[in-house]
Trainee: 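Here you go, one structure.
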Amino acid sequence: MRHAPDTMPERPRTAVRAVSAAFQQYAPRLHRYLVRRIRRTVDAEDLTQEIFERFLRSQQLDAVRHPQAYLFRIASHVVADSLSQDERSVVRFDSEMVDDADRSLEHAMPDALAEQLGLAQELQRGLLELPPMHAAVLLLAVRDGLSHKEVARRTGLSVSTVGLYVCEARARIRVSLEGR
Amino acid sequence: MQVQRQIDKLLAQRAAEWMEALKTGGAREHEEFSAWLRQSRLHVEHFLEAAAIDREIAALDRSQCPDVDELIARAAPDVVMLRSAATPPRPGGSRMWKARRWQLGAALAAGVALVALMFAHLGPGTSWRADRVKTATGEQRSLTLADGSVIALNTRTALRIDFSDQERSVVLESGEAVFKVAPSPSRPFVVRTPTALIRVLGTQFNVYQKPEGTTVSVVEGRVQVVQLPAKSVRKAESPMPVRELAAGQEALVAPSGTVEVRTPPDVHKALAWRQRRLDFDETPLEEIAQEFNRYGTTTQLRIEGIAPGTRRYGGVFDADDPESFAVVLERERDLRVERRGKDIVISRR
């Protein structure tokens, strides 16, 4: 992805759209990343390290101008690479590995599904543990995609409080996921 | 361990803040964010997690989430939000959710615990400014105004609220709304539409603004209806005669200037939309299709080659379910009901 050497600063609205488009594109892989992070599977730290190093190495303008989209792209590549490695390691077993094979297949296949379902449940539990207004604000802003102003109107909070609550709620959900 | 947890919390918070900042931030924020990411692997980790969590939340099924209205009510028991359906409900939404929405409607109708909701930019003590409220296709919402009056907006409705010390003014630009007006004889509540002006002292009534005129249905109390000459929506005084409507009466104010007052068998039917029901009685097919289409964001009913007024139907339908009406039509031997993409096309065999 190359960008013309533009002189005009990008308007925020356009930036938002660009970021969410990038996010949509890489979302499924980020999902797998999250599942791995939270489950603390062995390789999760390696993944982050790899993403971090690639981001540091980048000399491209993109890394500065669209850091979020750029980070998502790197992350999704790293996650995709690791997934294909996983698949290979599951499929390629020889006679010595026969004993392990059952176990590794068992681990690799249903886990992905079970993890996805489990994550949604844990998020719901996390939502219930939040103070009710925090949960309401998070759902309106993130699930329903309302602007802070719209959320403020709906809840009767001030716009700045909405901003505060969105961040706090997101952070608390993150911490509650880790605690499990 | 304790310290690590504390750091985690702080980083999660910081990452969450970046998520918000990047939504509106410009070049400077992006540079700062990039620098922050370069500081630590942990920063990258927390930010990716925050983004992934947002994505997970966005993908949650509405029926599996706690109800937003309930959460808000629990957080501030003295503020009752009556917005019934924020966004077009997804097909197959849970029954529980629907049931709750009905309860809210019932609470509204009963006038239970209505507490003023201030709009975000209007702190106490400031005077009311004009406020514009709109609903999208399929959306319904309720507003409780500072005086305790309640306005419920039906789908595709736009109105302006403008309260002063002398008058509580609402301009219904398009669509349909029901008004439950808190009594305040010194400060009349006035609803204006392109063709009519309705002055109230404390009552409940429905106003439906259609291209062919304004229909006013009075459920409680009395209202005065003034027919306006074209293009004078903002002027309270009008040369046209005042008609007074009592509870149970309905008036159709046409753009041509005629005011037709009638007493329908059940004026409450005009409020059926509050429960997202559509109530038809000997209603022409094309009008029924138009009503469903007013709510439908995806499925649209289209009629091809059937002369208006030649077929009439009655019944009560779920406004979000045009399919249920299509099933009725399928039983008609001389009609053909076809699904073409998102549309349901009705034609003669």
Side-chain angles (χ1 to χ4, degrees), chain A residues 9-10 12 15-16 19 23 27 30-31 33-34 37-38 48-49 51-52 55-56 63-68 71-72 75 119-120 123-124 127-128 131-133 135-136 138-140 142-146 149 152-159 163 166-175 177-178, chain B residues 5 8-10 12-20 22-27 30-31 33-34 37-38 40-62 64-66 68-76 79 81 83 86-87 117-121:
Chain A
E10 214 173 16
V16 171
V19 164
F23 188 47
L30 285 174
H31 167 83
Y33 171 80
L34 179 73
R37 277 290 317 147
I38 286 164
T48 322
Q49 187 62 34
I51 295 166
F52 180 56
F55 191 83
L56 284 185
V64 179
R65 214 175 274 160
H66 307 284
Q68 195 177 6
L71 179 68
F72 288 158
L119 188 59
L123 274 175
Q124 287 159 28
L127 278 169
L128 287 174
M133 195 53 102
L138 191 67
L139 287 174
L140 289 171
V142 175
R143 184 195 62 188
D144 301 343
L146 300 187
K149 209 173 152 192
R153 182 169 285 212
R154 178 86 190 275
T155 53
L157 299 173
S158 72
V159 176
V166 173
C167 296
E168 283 180 2
R170 196 185 272 134
R172 284 204 204 192
I173 288 260
R174 165 69 188 80
V175 172
L177 287 178
E178 175 145 305
Chain B
R5 215 173 150 70
D8 265 0
K9 234 186 229 173
L10 282 173
Q13 175 74 25
R14 193 77 196 102
E17 283 164 16
W18 274 120
M19 291 287 294
E20 293 308 302
L22 291 173
K23 281 180 189 160
T24 50
H30 283 107
E31 258 171 61
F33 173 63
S34 183
L37 286 176
R38 286 163 188 275
S40 160
R41 178 181 70 85
L42 286 176
H43 292 178
V44 168
E45 186 179 299
H46 275 278
F47 183 76
L48 285 175
E49 284 166 8
I53 285 172
D54 266 24
R55 189 249 170 201
E56 298 296 322
I57 290 170
L60 279 181
D61 197 311
R62 196 171 283 273
Q64 296 172 321
C65 293
V68 170
D69 288 310
E70 238 174 54
L71 289 170
I72 296 170
R74 246 201 291 152
V79 176
M81 293 298 301
R83 185 170 175 175
T87 38
L117 153 73
M118 287 296 195
F119 290 117
H121 59 278

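Keep in mind the model is a prediction, meaning the values are calculated, not measured. Below, read A as the first sequence line, B as the second, and so on, with proteins coming before strands; counting in each chain starts at 1.
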Trainee: To the nearest 0.5 angstrom, please state how far the CH2 atom of Trp18(B) sits from the CD atom of Gln68(A).
Mentor: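 Result: 10.5 Å between the selected atoms.
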Trainee: In terms of heavy-atom proximity below 4.5 Å to chain B, should Gln124(A) be classed as side chain, backbone, both, or neither?
Mentor: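 Only the side chain of Gln124(A) comes within 4.5 Å of chain B.
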Trainee: List the atom of Leu37(B), the atom of Phe52(A), and the distance in Å for their closest heavy-atom pair.
Mentor: O-CE1, 3.2 Å
Trainee: Minimum heavy-atom separation for Phe55(A) and Arg38(B), please, with both atom names.
Mentor: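 Phe55(A) and Arg38(B) have their closest heavy atoms at O-NH2, 3.7 Å.
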Trainee: Looking at every heavy atom in both Ala16(B) and Ala171(A), which two are closest together, and how far apart are they?
Mentor: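 Heavy atoms only, the tightest pair is CB-N, 4.4 Å.
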Trainee: For residues Arg174(A) and Gln13(B), determine if any side-chain heavy atom of one lies less than 4.5 Å from a side-chain heavy atom of the other.
Mentor: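 In short, these two side chains do not touch, never coming nearer than 4.5 Å.
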Trainee: What's the spacing between Thr155(A) OG1 and Leu71(B) CG if we round to 0.5 Å?
Mentor: 11.5 Å
Trainee: Let me confirm one number: the OG1-CD distance from Thr48(A) to Glu45(B), rounded to the nearest 0.5 Å.
Mentor: 4.5 Å
Trainee: Considering only heavy atoms and a distance below 4.5 Å, find which of Arg172(A), Arg170(A), Glu168(A) pairs most often with chain B.
Mentor: Arg170(A)
Trainee: Under the criterion side-chain contact (heavy atoms from CB on, under 4.5 Å), which of Val142(A), Leu138(A), Ile173(A) is the partner of Ile53(B)?
Mentor: Ile173(A)
Trainee: Does Asp69(B) come within less than 4.0 Å of Arg154(A), counting only side-chain N to carboxylate O?
Mentor: yes
Trainee: Would you confirm whether Arg143(A), through its side chain, and Ile57(B), through its main-chain N or O, come within 3.5 Å as a donor-acceptor pair?
Mentor: no
Trainee: Quick one: of Glu20(B), His43(B), Glu17(B), Lys9(B), who has the most non-hydrogen atom pairs under 4.5 Å with chain A?
Mentor: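 That would be Glu20(B).
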Trainee: What are the two closest heavy atoms between Leu139(A) and Pro66(B), and how far apart are they?
Mentor: CD1-O, 3.6 Å
